[in-house]
Trainee: 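The structure is given below, and queries will be raised subsequently.
Residue numbering restarts at 1 for every chain, and letters A, B, ... go by the order of the sequence lines. Model, not experiment: these values are computed from the prediction.
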Amino acid sequence: MADSSSTASSTAAFVADSSSTTSSTAASTTAKSRETRSWADEADEIDQTEQSENASAETEIGSLQIDESKRVNNSTLDDPEDSRIEAVTSGDTLYKSAKRFEDLNLSPELLKGLYVEMKFERPSKIQEISLPMILTPPYKNLIAQAHNGSGKTTCFVLGMLSRVDPKLRAPQALCICPTRELAIQNMEVLLKMGKFTGITSELAIPADAANYIPISKRPPVSAQVVIGTPGTINKWVTARKLGMSCMKILVFDEADHMLAESGFQDDSIRIMKAIVKASVGCQVLLFSATFGESVKAFVTKIVRDLFVKDYNQMFVKKEELSLDSVKQYKVQCPDELSKVMVIKDKILELGQKVGQTIIFVRTRNSASMLHTSLVDYGYEVTTIQGALKQEDRDKIIKEFKEGLTQVLISTDLLARGFDQSQVNLVVNYDLPVRHESPSEPDHEVYLHRIGRAGRFGRKGAIFNLLCDDRDNMLMSKIENHFNSQVTEIASWKSEEDFENALKKAGLL
DNA sequence: AAAAAAC
């Protein structure tokens, strides 16, 4: 269905090299000789002095040419996560950070997509570091952590689009996401960025009842890029409708969750094994804002066991993961009812002036309860959760993204990845807890929830509503874990306190 | 008595 070929005008002679090699003997010079690109001359006019300086300094350690002392006085200072990412490369492949998209040997069609459609000017920090690692042969696996709203999607979408051979009509890139909404959102980015490339794509999510066609009656997927959710992808693979033999690049969005035992571990491993079985040398990219210690260990192990041994990685310390541009608050509420009062009298009243709001709740049930009481009080809110029909989910997302609705109540369905720049306020109606041990907070989900505000360095405010000792215990554990300060609102009844809070957050 | 994703 989703197919960008309507605008096809592919003239690029992009010859992707999928020959995989475990021995990382290729130096940076091999990168150019491996491929024939008509625009190579232009891409060569990089800062020669910086390159040679870096190369000599870093060859032995084999780490990335990102030098903290150097980065301070370059031109990307407004980057919110500047200098907080630590990158480690394996082997002796040299990478030079990409200050401009021109540094990446991208096809003219892709560059046009970046500048004209996406309206990007230059790579963000994570893009600057990770894109050379993704796009330079030999194509190594990458485990990449970066802050919420820092542009991870662009990294892997660009990776997929540039690794695909436009002349080969077979699936070559696969992206797996934890929710249908995220798969759809990523597809939208792919279509936009790849608008001029003629590269074809298809969404692998369950079809709604109206357009349902039994899997056995469907033709095999011929689209070059497939983005979807694990269940449907596995279903297609099992039915032999999704061939893996030409797969060049496999992307896990929200990789920590996709590979966690409590997440989609089984499904993900099945997909990986299908690829390992069918193809040679598929590059694997794992992206997330969070990689908890235990999942990090597992993730690196699984990549090493199933795919090529050496891989590049970039991680952020958990203490440096909270976004500086987003101010976090906690509100002591005497009981459940006062939580609703705080939301309707304080947060929603003021929130109207500052942008859109997402209210997170723990269960589907409390989502509908909160929805009903806010609607009863005369507020216009919409609610999304997994029990809704897909068409309703789509409609609610569409309305919110178009700005037709201001306030959205959600379960953790939207905790990860949902990108809407106008969201300035996030409310935790209740705090996220671990399913296995409900007395423990889910730090990762907390970070993802608050990351729905403050996209790309924008200002934002978070209100955590607490009403008993348990809530306060969870909150202080979260504060300790991220070493981030959560300011207490003096009185839940004081309109002035909330107004000042928003002013301090830079929103009023 | 959880969210999500699959029949």
Side-chain angles (χ1 to χ4, degrees), chain A residues 174-187 203-209 212-218 226-242 252-272 274 288 290 292 295 336 358-371 383-394 396-397 408-418 426 428-452 470-471 474:
Chain A
L174 178 61
C175 173
I176 313 174
C177 317
T179 63
R180 299 170 196 177
E181 280 69 20
L182 203 43
I184 293 168
Q185 182 178 285
N186 287 337
M187 181 56 82
L203 261 180
I205 63 176
D208 41 342
Y212 179 76
I213 304 168
I215 182 73
S216 55
K217 298 201 171 144
R218 295 174 58 140
V226 175
I227 302 179
T229 45
T232 301
I233 291 172
N234 267 322
K235 190 177 154 188
W236 290 9
V237 173
T238 309
R240 299 181 172 276
K241 298 295 180 182
L242 178 57
F252 285 98
D253 195 6
E254 309 297 342
D256 60 327
H257 187 235
M258 300 309 292
L259 290 168
E261 217 175 339
S262 56
F264 296 96
Q265 192 178 87
D266 296 348
D267 281 323
S268 297
I269 290 178
R270 249 182 89 190
I271 295 168
M272 285 193 275
S288 184
T290 54
V295 81
E336 284 292 314
I358 298 182
I359 305 172
F360 282 107
V361 293
R362 199 169 53 85
T363 66
R364 294 172 176 180
N365 195 28
S366 41
S368 3
M369 305 261 279
L370 183 60
H371 180 100
T383 300
I384 186 164
Q385 36 105 334
L388 299 180
K389 281 181 292 182
Q390 189 58 41
E391 47 178 315
D392 293 333
R393 284 164 65 160
D394 292 346
I396 286 156
I397 294 292
L408 182 53
I409 301 170
S410 175
T411 57
D412 284 327
L413 172 68
L414 288 191
R416 284 171 176 265
F418 181 69
V426 166
N428 280 322
Y429 183 82
D430 26 43
L431 291 170
V433 296
R434 294 215 180 278
H435 180 227
E436 326 81 75
S437 49
S439 59
E440 290 299 312
D442 192 321
H443 300 115
E444 283 71 36
V445 171
Y446 179 81
L447 196 90
H448 284 281
R449 281 185 181 186
I450 71 174
R452 295 320 99 213
R470 181 175 158 276
D471 288 346
L474 293 169

Trainee: Is any side-chain N or O of A:Arg362 closer than 4.0 Å to OP1 or OP2 of B:dA1?
Mentor: no
Trainee: Could you check how far CG of A:Asp266 sits from C1' of B:dA4, rounded to whole Å?
Mentor: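 In whole Å, B:dA4 C1' and A:Asp266 CG are 14 Å from each other.
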Trainee: Atom CG of A:Asp267 to atom C1' of B:dA6: distance rounded to whole Å?
Mentor: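 Checked: the CG to C1' distance equals 8 Å.
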Trainee: For A:Arg393, which contact category applies under a 4.0 Å heavy-atom criterion: base, sugar-phosphate, or nothing?
Mentor: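 Sugar-phosphate, no base atom in range.
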Trainee: Measure from the side chain of A:Pro206, starting at C-beta and using heavy atoms only, and say which of B:dA4, B:dA6, B:dA2 lies closest.
Mentor: B:dA6
Trainee: What I want to check is whether an N or O donor and acceptor connect the side chain of A:His257 with the base of B:dA3 at under 3.5 Å.
Mentor: yes
Trainee: Kindly say if A:Thr179 contacts the phosphate of B:dA5, meaning a side-chain N or O under 4.0 Å from OP1 or OP2.
Mentor: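 Result: no.
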Trainee: Check whether any side-chain N or O of A:Thr229 sits under 4.0 Å from OP1 or OP2 of B:dA4, and answer yes or no.
Mentor: no
Trainee: So do A:Thr290 and A:His448 actually touch side chain to side chain, heavy atoms under 4.5 Å?
Mentor: yes
Trainee: So what does A:Pro432 touch, heavy atoms closer than 4.0 Å: a base, only the sugar-phosphate, or nothing?
Mentor: nothing
Trainee: So, do A:His257 and A:Ser288 sit near enough that their side-chain heavy atoms are less than 4.5 Å apart?
Mentor: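 Not in contact.
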Trainee: Just the rounded figure in Å: distance from C1' of B:dA2 to CG of A:Leu414.
Mentor: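 After rounding, the reported distance stands at 16 Å.
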Trainee: Considering just the side-chain nitrogens and oxygens of A:Arg416, establish if one lies under 4.0 Å of OP1 or OP2 belonging to B:dA5.
Mentor: no
Trainee: Indicate yes or no: does A:Glu444 engage A:Arg434 in a salt bridge with an N to O separation below 4.0 Å.
Mentor: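 So A:Glu444 pairs with A:Arg434 through a salt bridge.
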Trainee: Would you mind classifying the nucleic acid contact of A:Ser262 as base, sugar-phosphate or nothing, using non-hydrogen atoms under 4.0 angstrom?
Mentor: base
Trainee: Ignoring backbone atoms, establish whether A:Thr232 has a side-chain N or O less than 4.0 Å from OP1 or OP2 of B:dA6.
Mentor: yes
Trainee: Can a salt bridge be assigned to the pair A:Asp430 and A:Arg470 using a cut-off of 4.0 Å between side-chain N and carboxylate O?
Mentor: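 Salt bridge: no.
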